[in-house]
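I have placed the structure first, in the form of structure tokens, so that the comments after it can refer back to it.
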Amino acid sequence: MTGAVPVSFTADDYEARMERAARQAADAGLAGLLVAPGPDLVWLTGYTPTAVTERLTLLVLAAGRDPVLVVPTLEASDAEHAPGASALTLRDWTDGKDPYAATAALLDTGGRFGISDNAWAMHLLGLQKALPGTSYASLTEALPMLRAVKDAAELELLAAAGAAADAAFEEIRQVAFAGRRETDVAADLAALLRRFGHSQVDFTIVASGPNGANPHHEIGDRVIERGDMVVLDFGGLKDGYGSDTSRTVHVGEPTDEERRVHDLVREAQEAGFRAVRPGAACQDVDRAARAVIAGAGYGEYFIHRTGHGIGVTTHEPPYMIEGEEQPLVPGMCFSVEPGVYLPGRFGVRIEDIVTVTEDGGRRLNNTAREMVIVE
């Protein structure tokens with residue numbers, strides 16, 4: 001991920017996040033957290049290094065201790081200007097010195113630590129060599145819900161990102177599809193996302209005709225034809241927070257079967273949304289959507305989970321999938337995106353970002369979920 005989170009977050013916000021993370025780590029039986037550059041570091045401190053290199057940058061959090069950011073000396077000036085810098089201590093190290101020894105001095109010699117999933121192997125191995133008595137668990141494994149519950153300001157940013165993606169869809173449905181390549185429409189979508197405020201476009205899936213049966217189709221030079229169903233799935237980051245929405249359009253008039261499958265997916269998406277409420281398990285959302293599709297005889301063609309979390313990244317915990325018993329909590333945000341994929345023929349997916357409220361759920365995407373006809 002690139003860029004910084006919005007300036008609407010203060011040093012106090014970042015301090016509260018770091019305190020909460022350290023407390024959750026202690027509650028999970030961990031000696032602390034080690035956070036490498038990436039989405040967790042941005043969320044906790046507002047800091048994104050100009051470039052992620054072999055030089056060690058690591059935030060050390062432990063309950064009852066001041067947060068410390070270990071950073072290369074040549075990047076210390078940038079780190080000092082991060083929004084959350086005043087809530088932590090910087091400890092810089094110079095080339096030729098051992099960054100692992102400097103970090104080891106901050107850690108319990110026999111502790112078990114949560115560490116960022118995207119930490120470089122060379123850095124983890126360096127810490128293990130410096131402190132052979134320590135052990136480590138990935139943050140996704142140890143604290144999967146660390147960023148899952150959003151505060152009011154984060155919800156506003158996610159809603160704004162969703163509204164921007166909606167605006168892009170309202171524009172793209174007006175352009176010509178027939179006779180153009182998937183790559184052409186995808187380029188239009190990317191430009192629209194940027195026009196409506198996205199600083200980063202993560203994906204623009206345009207899957208036409210038989211390509212729609214591949215949920216993660218890579219756009220290509222296939223020319224879109226009249227009679228094609230076209231799955232559009234697109235999103236990215238606006239002001240540091242994610243958007244992700246899917247709509248399935250049809251070029252010209254659809255067949256009765258195409259309408260029937262589209263209506264089925266729309267019904268399943270509605271069922272998944274209706275299952276969102278505090279205390280329900282993540283898997284209940286998946287079960288509700290899947291039951292509709294399976295009941296209509298298309299269960300084998302719904303080949304992915306119903307949803308994923310979203311925040312400072314477009315995919316993060318929690319996941320709406322069978323076996324995930326994590327209860328839903330107000331402030332969680334995730335996609336609800338069932339689909340049906342008929343090999344060699346067409347696919348349909350409808351996706352909204354949903355946030356859990358005190359008494360149910362609220363959609364952050366509000367464009368038409370009915371069949372949209374394009375030219």
Side-chain angles (χ1 to χ4, degrees), residues 2-3 6 155-209 211-212 215-254 258-259 262-263 265-266 269 273 310 314-315 333 335-337 339 346-355 362-375:
T2 59
L155 291 175
E156 285 186 15
L157 290 164
L158 283 162
D166 284 357
F169 176 72
E170 295 294 357
E171 292 277 338
I172 201 69
R173 63 184 287 184
Q174 307 300 325
V175 310
F177 278 67
R180 303 177 69 212
R181 296 173 301 174
E182 291 175 342
T183 50
D184 297 330
V185 178
D188 288 345
L189 263 176
L192 286 167
L193 285 170
R194 292 191 176 95
R195 189 211 299 176
F196 290 112
H198 282 65
S199 60
Q200 178 174 316
V201 176
D202 286 350
F203 47 89
T204 52
I205 294 173
V206 178
S208 63
N211 289 340
H216 281 175
H217 168 65
E218 289 285 338
I219 56 172
D221 288 333
R222 183 183 186 275
V223 175
I224 301 169
E225 303 173 355
R226 291 193 67 81
D228 279 348
M229 196 85 89
V230 184
V231 179
L232 305 173
D233 184 351
F234 51 97
L237 297 181
K238 179 182 185 295
D239 294 329
Y241 279 76
S243 69
D244 185 1
T245 188
S246 299
R247 293 292 185 264
T248 303
V249 302
H250 198 277
V251 187
E253 285 299 316
E258 288 170 332
R259 281 196 180 277
H262 191 281
D263 286 345
V265 174
R266 180 164 58 90
Q269 207 267 349
F273 170 69
I310 191 169
T314 48
H315 280 214
C333 289
S335 65
V336 178
E337 52 176 305
F346 65 89
V348 177
R349 181 165 64 258
I350 300 172
E351 173 186 14
D352 294 325
I353 298 302
V354 173
T355 182
R362 175 169 68 97
R363 298 181 194 267
L364 301 187
N365 295 106
N366 295 289
T367 54
R369 284 170 283 278
E370 294 77 19
M371 173 80 77
V372 168
I373 307 299
V374 298
E375 294 301 324

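FYI, the numbering just counts along the sequence from 1.
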Strictly by salt bridge (Lys or Arg N to Asp or Glu O under 4.0 Å), give each pair with a member in residues 200-209 just once, sequence neighbours left out. none

What I'd like to find out is whether the side chain of V249 reaches to under 4.5 Å of the side chain of F169, using heavy atoms alone. yes

For the residue pair E253 and R259, establish whether any side-chain heavy-atom pair is separated by less than 4.5 Å. yes

So side chain to side chain donor-acceptor pair (under 3.5 Å) across residues 225-236, not counting sequence neighbours, yields R222-D228, R226-E375, D233-S246, D233-R349

With sequence neighbours left out, write down each residue that passes side-chain contact (heavy atoms from CB on, under 4.5 Å) with R195, or none if nothing qualifies. E171, L192

Sequence neighbours excluded, which residues qualify as side-chain contact (heavy atoms from CB on, under 4.5 Å) partners of L155? K150, C333, T355

Considering residues at least two apart in sequence or located in another chain, which fulfil the side-chain contact (heavy atoms from CB on, under 4.5 Å) criterion with R194? A190, V201

Taking salt bridge (charged side-chain N to carboxylate O under 4.0 Å, His left out) as the definition, give me every residue that meets it alongside E156, ordered by chain and number, with sequence neighbours left out. none

F234 vs L193 side-chain heavy atoms within contact, under 4.5 Å: yes

Residue from N365, D166, T367 passing side chain to side chain donor-acceptor pair (under 3.5 Å) with R247: T367

Of R369, R362, E337, the residue whose pairing with D352 passes side chain to side chain contact (heavy atoms under 4.5 Å, CB included): R369

Listed partners of A164 passing side-chain contact (heavy atoms from CB on, under 4.5 Å), at least two apart: F196, H198, K238

Pairing residues for D244 by the side-chain hydrogen bond (donor to acceptor under 3.5 Å, both in side chains) criterion, not counting sequence neighbours: H308

Set of salt bridge (charged side-chain N to carboxylate O under 4.0 Å, His left out) partners for D184, sequence neighbours left out: R181

Member of V185, V251, I172 meeting the side chain to side chain contact (heavy atoms under 4.5 Å, CB included) criterion with V374: V251

Going by heavy atoms in the side chains, are P254 and I373 under 4.5 Å from each other? yes

Are any of the side-chain heavy atoms of V206 and L189 separated by less than 4.5 Å? yes

Taking E351's backbone N and O only, do any of them form a donor-acceptor pair with T245's side chain (distance below 3.5 Å, no angle check)? yes

What residues, two or more places apart in sequence or in another chain, satisfy side-chain hydrogen bond (donor to acceptor under 3.5 Å, both in side chains) together with D263? R266

Closer than 3.5 angstrom, by distance alone: can the side chain of T248 be matched with the main-chain N or O of V230 as a donor-acceptor pair? no

Could you tell me which residues satisfy salt bridge (charged side-chain N to carboxylate O under 4.0 Å, His left out) with E370, sequence neighbours excluded, listed by chain and number? none

Backbone N/O of I219 and side chain of E182: donor-acceptor pair under 3.5 Å: no

